[in-house]
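See below for the structure under consideration.
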There are 2 protein chains.
Amino acid sequence: MFSGAQISLYPMTGDFVGVITKALEAFEPYRDRMRVETDDISTLIVGPPEVIFPAMRDLFATAARSGEHVVLHATISRGCPGEPDDGICDTSALGHHDMSAEQRIGEAIAAVKAAPMSDIEAAAQFSLYVMGSGDHMDEIYSCIDFLKQSGTFAKAKNFCTKLGGDAGAVFRTVQMAFCRFGPPEGHVTIDLTVSANSPSLK
Amino acid sequence: MFSGAQISLYPMTGDFVGVITKALEAFEPYRDRMRVETDDISTLIVGPPEVIFPAMRDLFATAARSGEHVVLHATISRGCPGEPDDGICDTSALGHHDMSAEQRIGEAIAAVKAAPMSDIEAAAQFSLYVMGSGDHMDEIYSCIDFLKQSGTFAKAKNFCTKLGGDAGAVFRTVQMAFCRFGPPEGHVTIDLTVSANSPSLK
């Protein structure tokens, strides 16, 4: 299994390089458990979900504490048939398809309730894609059931679901969607956008 | 069929609202052929591929002409089983699965060569997702064959493909990937990021 994300951070300020550089310090506690590669468009992090989601959360929260309007985008993937296995991604957090959809939803809700708070208010939207099976929409609908009970659900939009709340709960919600829905060995991806300090909300 | 995109524009400047407002004027020639709805995270455009891709290109190019580092992100979708049919999306541009993969690749390459230039240098990366069929990777690999011959191919990255060149050719390349690969009536999505004026390239 190969899992990771291509992430980009967009601070809407002339000092965007300063905000990004400072925010990247938030990766330090995770660097021995994930691989990091950067180019001019995005930063690749490769590691298991329980490492990459908290790393993304802390990157985002650190940038948001600048007070600037900041957005994080991530293309998150697991099980892509085109990617080689990588030991750094080993995890027991995926799928649990021996459990019914109802049980998986219950555990996911509990995990969001237990998420540590970050004191950063976040608005997010994401799309979950389950590839390579004829019943992909069943897993999507189970995931939507979970989202509606997650405490972070804001609304359904075309092509995606909108979330809101503390960044700690928001990132945990997306992590649960990624890990608990779609086959454990399947190809599952997420297209995630998280925003803080938007003037549109003032 | 329902098709459209959730798009966001990120100008890395304190005057991001001014750059976005000005860029949105680029939508004017397309407004009678697409529906537009905005919230604090993204703008939804609903319409056929031959309208929404040029609209995104012109939005991006107008923002990039500000000279600021700007990024456009789009979550593009067609055929999602959860979305209602919409007459505004009617198109004959999708799929062409009576043609072999080789023929589709040839036509896509020709379409990129014929794309109008915008005089904006763009770097992009995107992921194409073909849902609901067991052979989704065959269509992905055909699409990658096309990309490598498109004239805009930069490199393969984990989870996505990187493109570069004039914004006119780059957006046309992504449009061809969206329209010519994956079943005509199938659920196909793209996670697209396009960047201009990045200081990382200087």
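Letters A, B, ... are given to chains in the order of the sequence lines, protein chains preceding strands, and every chain is numbered from 1. Small disclaimer: the values here were computed from a predicted structure and weren't measured.
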Inset, instruction - May I ask you to test the Y129(B)-T189(A) pair for a side-chain heavy-atom distance under 4.5 Å? - result: yes

Legend entry - Test item: M131(B) and V130(A) side chains (from C-beta on) under 4.5 Å apart, heavy atoms: no

Inset, instruction - Taking all heavy atoms of F159(A) and all of S77(B), pick out the closest pair and write down the distance. - result: CD2-CB, 3.4 Å

Inset, instruction - For residues A123(A) and D40(B), report the shortest heavy-atom separation together with the two atoms involved. - result: CB-OD2, 3.8 Å

Legend entry - Proximal component of A5(A), with respect to chain B [non-hydrogen, under 4.5 Å]: backbone

Inset, instruction - Under 4.5 Å heavy-atom distance to chain B, tell me which part of S127(A) shows up: side chain, backbone, both or neither. - result: side chain

Legend entry - Rounded distance (nearest 0.5 Å) linking atom NZ of K162(B) with atom CD1 of I41(A): 5.0 Å

Inset, instruction - Could you tell me which portion of E83(B) (side chain, backbone, both or neither) has an atom closer than 4.5 angstrom to a non-hydrogen atom of chain A? - result: side chain

Inset, instruction - Residue by residue, scan residues 7-18 of chain A and write down, ordered by number, those that have a heavy-atom distance under 4.5 Å to chain B; if none do, write 'none'. - result: Y10(A), P11(A), M12(A), T13(A), G14(A), F16(A), V17(A)

Legend entry - Positions in residues 23-38 of chain A that reach chain B, provided some heavy atom is under 4.5 Å away: none

Legend entry - Stepwise side-chain contact (heavy atoms from CB on, under 4.5 Å) test for D191(A) and Q6(B): CA-CA 11 Å; D191(A) 174 348; Q6(B) 293 282 2; over 6 Å; no

Legend entry - Which of D39(A), V194(A), T193(A), I76(A) touches chain B most, by non-hydrogen pairs under 4.5 Å: D39(A)

Inset, instruction - Would you mind telling me which of V19(A), V71(A), N158(A), T75(A) has the largest number of heavy-atom pairs within less than 4.5 Å of chain B? - result: N158(A)

Is the number of heavy atoms from other residues, nucleotides or ligands under 6.0 Å of [X] [atom1] greater than 12?
{"X": "E50(B)", "atom1": "CD", "result": "yes"}
{"X": "E185(B)", "atom1": "CD", "result": "no"}
{"X": "K22(A)", "atom1": "NZ", "result": "no"}

